[in-house]
Asks: 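Have a look at this one.
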Amino acid sequence: MDCAIIPTRFPNIYQVSTTDFFYPLVEDPYLQGKIACANVLSDLYAAGVVHCDNILMLLGVCDGMSTTEKDIVTRQMMKGFYETAKEANSRVTGGQTVINAWPLIGGCASTVVSKDEYIAPTNVQSGDYIVLTKPLGIQLATNLHQWLEPTHANHEKIEKAGLNKTEILEIYNKAVASMIRLNLESAKLMHKYKAHAATDVTGFGILGHLRNLAKHQDRKNLEFRIHTLPLLKGVRKVVENLGMFKSLYEGFAAETSGGLMICFGSENDARDFCVEIEKIEGRPAWVIGKVFDSKEVENSARIQENPTIIEV
């Protein structure tokens with residue numbers, strides 16, 4: 001699943017670890033550092049782990065930059081990464097740096113927990129309600145921002161998309177704000193509302209990650225069904241006007257530093273979680289689906305026909 005949970009030689013003590021790294025997704029290296037750190041930590045949060053003991057930074061310095069460019073870009077990426085680690089009450093204690101054709105940044109996050117400090121992603125039951133904590137459409141938003149460059153191959157499609165520069169920048173800024181936001185508070189509330197399992201939504205898209213979650217359940221004969229897709233406001237217009245990015249509706253559009261997708265045992269727990277996380281963070285979460293009994297032996301996941309689209 002999202003991270004490794006390994007028993008140690010000490011009774012009921014486990015090591016939890018994950019690693020990931022990223023090519024530039026945004027133009028600002030400082031923000032790229034913050035996004036990378038938030039994404040790395042999200043794998044721990046998906047397991048209900050709320051404290052990370054240590055992070056090792058993985059850094060690629062671009063050999064195609066001038067000395068001045070390397071110095072500025074690398075320092076800013078590191079600064080963003082360090083600040084987000086501090087926000088998470090964690091620390092960066094070392095890492096590895098390589099020379100690469102492109103800038104890279106990521107990390108290896110690890111922590112030690114007792115058995116009651118993590119939530120194994122294996123206990124989903126029929127009747128569970130599925131919650132999502134961040135909207136979809138990150139990849140599309142960053143692509144649109146790149147299209148603003150006059151020399152980009154898709155620059156001429158902006159007008160056809162039905163959006164102007166101001167609208168694209170608004171979508172992009174919302175996407176960046178979403179990516180740098182830690183999933184820490186959601187991880188804390190997973191314990192309060194007795195979550196059965198969770199995963200974070202990143203590179204495989206919402207349906208790709210839900211299918212992976214379904215595959216790893218102890219119980220079989222389950223169908224995970226999504227009925228609602230919360231999208232960044234504006235991306236729906238792009239999909240429908242251009243006929244592109246249909247993978248967003250199909251559930252396979254890549255996300256970066258996306259939200260947690262959490263299964264709760266009752267509708268009340270799911271909705272109370274949504275109310276409290278919005279109260280804490282000032283941003284909504286949504287009940288997007290439900291788990292049903294299935295006649296199939298293997299667990300499955302799908303998006304129902306004509307899902308409800310919410311624009312936020």
Side-chain angles (χ1 to χ4, degrees), residues 2 25-26 28 30-52 55 80-90 109 111 117-119 121 129-139 141-142 170-202 206 209 226 228-235 255-264 266-289 309-312:
D2 300 295
L25 186 67
V26 297
D28 187 327
Y30 169 74
L31 293 176
Q32 181 62 40
K34 292 181 72 66
I35 292 166
C37 188
N39 202 136
V40 169
L41 289 168
S42 186
D43 288 338
L44 301 187
Y45 298 148
V49 174
V50 300
H51 182 76
C52 176
I55 306 174
F81 197 98
Y82 276 120
E83 288 187 6
T84 297
K86 184 177 180 180
E87 180 186 349
N89 295 314
S90 187
T111 195
E117 290 180 304
Y118 75 90
I119 297 172
Y129 286 79
I130 306 169
V131 166
L132 181 67
T133 65
K134 291 184 183 180
L136 307 171
I138 297 297
Q139 189 66 55
T142 55
E170 183 178 351
I171 296 169
Y172 174 76
N173 289 333
K174 285 184 178 180
V176 171
S178 177
M179 288 187 285
I180 66 175
R181 177 159 54 100
L182 293 169
N183 285 320
L184 175 56
E185 296 301 330
S186 294
K188 292 177 181 177
L189 293 182
M190 283 171 60
H191 293 269
K192 180 176 180 178
Y193 293 103
K194 300 178 176 60
H196 287 167
T199 186
D200 65 337
V201 181
T202 51
I206 188 170
H209 285 282
I226 294 173
T228 299
L229 294 174
L231 306 180
L232 287 168
K233 188 176 181 180
V235 300
E255 305 288 333
T256 298
S257 192
L260 297 188
M261 188 159 44
I262 312 168
C263 295
F264 292 99
S266 73
E267 184 175 11
N268 284 342
D269 284 340
R271 297 201 180 278
D272 287 347
F273 170 93
C274 292
V275 169
E276 186 162 356
I277 196 66
E278 184 169 11
K279 184 178 179 181
I280 293 170
E281 296 190 328
R283 293 177 176 86
W286 309 268
V287 177
I288 62 162
I309 304 295
I310 300 174
E311 293 191 280
V312 295

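FYI, side chains are in, hydrogens and waters are out, and symmetry mates aren't considered; it's all heavy atoms of this structure.
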Asks: Has the side chain of S90 got a donor or acceptor atom that lies under 3.5 Å from a matching backbone atom of C52?
Replies: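 The answer is yes, because a donor-acceptor pair under 3.5 Å joins these two groups.
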
Asks: Evaluate K134 against V201 for side-chain contact (heavy atoms from CB on, under 4.5 Å), listing each step before the verdict.
Replies: CA-CA 9 Å; K134 291 184 183 180; V201 181; over 6 Å; no

Asks: Ignoring hydrogens and geometry, is there a side-chain-to-backbone donor-acceptor pair from T111 to H51 under 3.5 Å?
Replies: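 Yes: the side chain of T111 pairs with the backbone of H51.
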
Asks: For the atom pair CG (L260) and CG (D2), what is the distance rounded to the nearest 0.5 Å?
Replies: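 With rounding to 0.5 Å, CG (L260) is 8.5 Å from CG (D2).
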
Asks: Go through it in stages, so that I can follow the logic: the residues are K86 and E83, the test is salt bridge (charged side-chain N to carboxylate O under 4.0 Å, His left out), and I'd like the CA-CA distance, side-chain angles, deciding distance and then a yes or no.
Replies: CA-CA 5 Å; K86 184 177 180 180; E83 288 187 6; over 6 Å; no

Asks: Of the non-hydrogen atoms in I206 and M261, which two are nearest, and what is the gap between them?
Replies: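 That closest heavy-atom pairing would be O-CE, 3.4 Å.
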
Asks: Might you point out which heavy atoms bring I119 and A195 nearest each other, and give the distance in Å?
Replies: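 Closest approach of I119 to A195: CG2-O, 3.7 Å.
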
Asks: Atom NE2 in H196, atom CD1 in I262: separation rounded to 0.5 Å?
Replies: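 So the gap between those two atoms works out to 12.5 Å.
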
Asks: Hey, what do you get for CD1 (I226) to CD1 (I288), rounding to the nearest 0.5 Å?
Replies: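 Rounded to the nearest 0.5 Å, the CD1-CD1 separation comes out at 4.5 Å.
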
Asks: Closest approach of V287 and Y129, non-hydrogen atoms and distance?
Replies: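 So the two residues come closest at CG1-CD2, 4.0 Å.
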
Asks: Which residues pass the side-chain contact (heavy atoms from CB on, under 4.5 Å) test with K194, sequence neighbours left out?
Replies: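 Listed in chain order: nothing, the list is empty.
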
Asks: Between A175 and A141, which heavy-atom pair has the shortest distance, and what is it?
Replies: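 Heavy-atom minimum between the residues: CB-CB, 3.7 Å.
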
Asks: Take I277 and T133 through the side-chain contact (heavy atoms from CB on, under 4.5 Å) test and state the conclusion after the steps.
Replies: CA-CA 8 Å; I277 196 66; T133 65; 5.6 Å; no

Asks: Has the side chain of E117 got a donor or acceptor atom that lies under 3.5 Å from a matching backbone atom of V49?
Replies: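 No.
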
Asks: Let me confirm one number: the CG-CG distance from D272 to L189, rounded to the nearest 0.5 Å.
Replies: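 CG of L189 is found 10.5 Å from CG of D272.
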
Asks: So, do V131 and C274 sit near enough that their side-chain heavy atoms are less than 4.5 Å apart?
Replies: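 The answer is yes, as the side chains (C-beta and beyond) meet within the 4.5 Å cut-off.
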
Asks: Calculate, to the nearest 0.5 Å, the distance between atoms CG and OH belonging to L182 and Y45 respectively.
Replies: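 Reported value, rounded in 0.5 Å steps: 4.5 Å.
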
Asks: Using modelled atom types and a 3.5 Å cut-off, is there a donor and acceptor pairing between side-chain atoms of E311 and backbone atoms of P230?
Replies: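 Judged by distance alone, no pair lies under 3.5 Å.
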
Asks: Do Y82 and C37 have side-chain heavy atoms sitting under 4.5 Å apart?
Replies: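 Not in contact.
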
Asks: If only atom types and distance count, is the side chain of N183 paired as donor or acceptor with the main-chain N or O of D43 below 3.5 Å?
Replies: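 Side chain of N183 to backbone of D43: no pair is present.
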
Asks: Report yes or no: does S178 contribute a side-chain atom to a donor-acceptor pair with the main-chain N or O of K174 at less than 3.5 Å?
Replies: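 Side chain of S178 to backbone of K174, a donor-acceptor pair under 3.5 Å: no, none is there.
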
Asks: Working to the nearest 0.5 angstrom, can you tell me the gap between I171 CD1 and L231 CG?
Replies: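 The distance works out to 11.0 Å.
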
Asks: Could you work out, with salt bridge (charged side-chain N to carboxylate O under 4.0 Å, His left out) as the rule, every residue matching E281, not counting sequence neighbours?
Replies: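 E281: salt bridge (charged side-chain N to carboxylate O under 4.0 Å, His left out) contacts with R181.
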
Asks: Please lay out, stage by stage, how Q139 and L25 fare under the test side-chain contact (heavy atoms from CB on, under 4.5 Å).
Replies: CA-CA 9 Å; Q139 189 66 55; L25 186 67; 4.2 Å; yes

Asks: Check K192 with E276, please: is the shortest side-chain N to carboxylate O separation under 4.0 Å?
Replies: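 Yes, this pair counts.
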
Asks: If you take all heavy atoms of A46 and D200, which pair is closest and at what distance?
Replies: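 Looking at all heavy atoms of both residues, the shortest contact is CB-N, 3.8 Å.
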
Asks: Determine, stepwise, if the pair I55 / L41 fulfils side-chain contact (heavy atoms from CB on, under 4.5 Å).
Replies: CA-CA 9 Å; I55 306 174; L41 289 168; 3.9 Å; yes

Asks: Determine the minimum heavy-atom distance between Q32 and V26, stating which atoms define it.
Replies: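 Looking at all heavy atoms of both residues, the shortest contact is OE1-N, 3.4 Å.
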
Asks: Using the six-membered ring wherever Trp is involved, compare the ring planes of F264 and F273 and label them parallel, tilted or perpendicular (cut-offs 30° and 60°).
Replies: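 If you compare the ring of F264 with that of F273, the planes turn out tilted.
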
